[in-house]
Amino acid sequence: MSQKLTSPNEDYAKWYNEIVYRADLAAQSPVRGCIIIKPYGYEIWEGIKASLDRRFKETGHQNAYFPLFIPQSYLKREAEHVEGFSPELAVVTVAGGKELEEPLVVRPTSETVIGEAFSQWIQSWRDLPLLLNQWANVVRWELRTRPFLRTTEFLWQEGHTAHATHDEAEEETLRMLDVYAAMAIEDAAIPVIRGLKSNVERFAGALRTYSIEAMMGDGKALQSGTSHNLGQNFAKAFDIKYLNKANELEYCWTTSWGLSTRMVGAVIMAHGDEVGLRLPPKLAPYQVVLVPVYKTEEERSRVLEVLHRLAAQLKAAGVRLHLDDREETPGFKFNDWEMRGVPVRLELGPKDLEKNSVVLARRDILGKEGKRFVPQDGVVQAIHDLLAEVQANLLAQATQFRDSRIHDVNSYDQLKQAIEASGWARGYWAGSDDDERRIKEETGATLRNFPLEGQPEDGVCFYTGKRGGGRVALFAKAY
RNA sequence: CGGGGCGUGGCGCAGUCCGGCUAGCGCGCUUCGUUCGGGUCGAAGAGGUCGUGGGUUCAAAUCCCGCCGCCCCGACCA
């Protein structure tokens, strides 16, 4: 059995692909660049989705659904927007056996249709703010695809809001960025850096774009969520206007923000190790897997009886679990579920029956150190605690890893060294768009964002030597 | 779009250069037995239009021509 996973240190891309398929997260689809998301992978997405959806509702948003097809002319109304998206559009020109009068674009994002709707729905300042979200699939004909990280069709949510003033829109943009960061940190156990995107990386048609950037196990950055202040660009293109209290017609200020199934890729790459996936308990489809150990048929039935009882207790306590009663050996199951990233394993065998105990083993600490014996009547509490520990430890490990690879740089040479060492470079920045592009060409690193936290004193730009107005930039190679 | 690789049972591959007889191997699958606290072992089975179309030949997975598809690496992107 060719069971050993490729080591991430040996070939990270291969390791990633193997995990995706072997952990049963996804399958290849018959269509180039698309994937079939299998139940185990989809449940991780559902966890992300549930967390975000709850947070969206808490911040006053409502869900709606807009059509998959967008009249081609809509895309053209916002100049920068078309330009940004036209190369990657899928367009329907024939339907019902006939050439369409106007081709329909399969949405790459929905600013345009939603903008058109907003223009009809918003008339008064009393209609504002309008806070909507939609869960949807979108299509972007990318040249190079990778499972979850970049697929031709992907699932995401896109929030779209309209406000009376620039400041309210900006506030919303940042609020939703914070929602993303909270989900990433609290649920996915992935530390992220919130920041402003550079002009070069800004969303087509936005005034300002913000992102959360996460570090993957190979030191590359992954933009895991984006939030745009669209200014009045789309309001002007789609005529989204309202009457203010002084009875004057004004353009709205709109925002949009999205987070996609790419986040599943982030979870894989932020936590995975040489054994396989390591899922944060809050997002794990199974938080606990129960593995019976027995010799005889008689032992089997006694062990399973206890396991069913414990499973019922755990379920009642809200724990997601799976009782693995396949006829494989325990050792096989241990390895199988470790590869699939289940945070906690509960073993129960004849010896435990005698002592009324169980063995708990944690995925984040392999081997003996990660195992402990607990009495059966304390299992629910013990698992509850253990899940919290694993969750916290994954975040701590990812944070430590990330921080150890962020290097403060004072010169271009230092940036090159940091990037060369598979890390991120952080330094004062006063360069131009062209400077930024040049760095990308020469080093492969892009300006990920200008971090929002910890705005420091003014400093000297590491690239141009100019005083930089206190702006710190983060450079990294990215997915 | 440029570079590289691949298409042979469910998966991973060998066989292709140098045509040849019932197309092999590992894993998985089914059944029986055995084992079971870190990837048990054994036996018996099931399963293949060799991507596709054409050509050469007594004979094609293998040679020739065309087509299709996928994967990987780079430039665009959440």
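Just so we're on the same page: letters track the sequence lines, and every chain starts at 1.
- Put simply, NZ on Lys197(A) is 10 Å from P on C77(B), counting in whole angstrom units.
- Remark: Asn17(A) is in phosphate contact with C72(B), judged by side-chain N or O atoms under 4.0 Å from OP1 or OP2.
- Where Val358(A) and Ser29(A) each meet RNA chain B at their nearest nucleotide, the meeting point lying more 5' is that of Val358(A).
- No side-chain donor-acceptor contact under 3.5 Å links Ser227(A) and Thr173(A).
- Rounded to an integer number of Å, the gap from Lys14(A) NZ to G4(B) P is 21 Å.
- When heavy atoms are screened at a 4.0 angstrom cut-off, Arg326(A) is found touching no nucleic acid atom at all.
- Considering only the side chain of Thr329(A), U35(B) comes nearest among C76(B), G38(B), U35(B).
- Remark: Lys355(A) is not in phosphate contact with G37(B), judged by side-chain N or O atoms under 4.0 Å from OP1 or OP2.
- What separates CD of Glu327(A) from P of G33(B) is a distance of 11 Å, to the nearest Å.
- Aromatic ring centres of Phe148(A) and Trp45(A) lie farther apart than the 6.0 Å criterion allows.
- Among the protein residues, Glu347(A) comes within range of the nucleic acid bases, having at least one heavy atom under 4.0 Å from a base atom.
- Inspection of the Thr255(A) and Glu172(A) side chains reveals no N or O donor paired with an N or O acceptor under 3.5 Å.
- The distance from atom CZ of Arg22(A) to atom P of G28(B) is 12 Å, rounded to the nearest whole Å.
- Across all strands, Ser227(A) comes closer than 4.0 Å to no nucleic acid atom at all (heavy-atom distances).
- Put simply, the side chain of Thr112(A) does not reach to within 4.5 Å of the side chain of Glu116(A), judged on heavy atoms.
- Checked options His228(A), Lys197(A), Gln223(A); the residue passing with Thr209(A) is His228(A) (criterion: side-chain hydrogen bond (donor to acceptor under 3.5 Å, both in side chains)).
- For the pair His81(A) (side chain) and Ala204(A) (backbone), a donor-acceptor distance under 3.5 Å is present.
- Contacts of Tyr21(A) with the nucleic acid, taken as non-hydrogen atoms under 4.0 Å apart, are absent.
- Applying the 3.5 Å distance criterion, the base of G38(B) shares a donor-acceptor pair with the side chain of Glu338(A).
- Side-chain atoms of Asp336(A) stay outside donor-acceptor range of the base of G39(B), with no qualifying N/O pair under 3.5 Å.
- The residue Arg140(A) sits close to a base: some heavy atom pair falls under 4.0 Å.
- Arg448(A) has its CZ atom 10 Å from the C1' atom of C77(B), to the nearest Å.
- Mapped onto RNA chain B by nearest heavy atom, Thr261(A) and Thr145(A) fall at different nucleotides, with Thr145(A) at the one closer to the 5' end.
- Put simply, Arg144(A) has no side-chain N or O that comes within less than 4.0 Å of OP1 or OP2 on C76(B).
- Within 4.0 Å (heavy atoms only), Val359(A) reaches at least one base atom of the nucleic acid.
- Nucleic acid contact class of Gly349(A) (heavy atoms, under 4.0 Å, all strands): base.
- Using a 4.0 Å heavy-atom cutoff across all strands shown, Pro87(A) reaches no nucleic acid atom at all.
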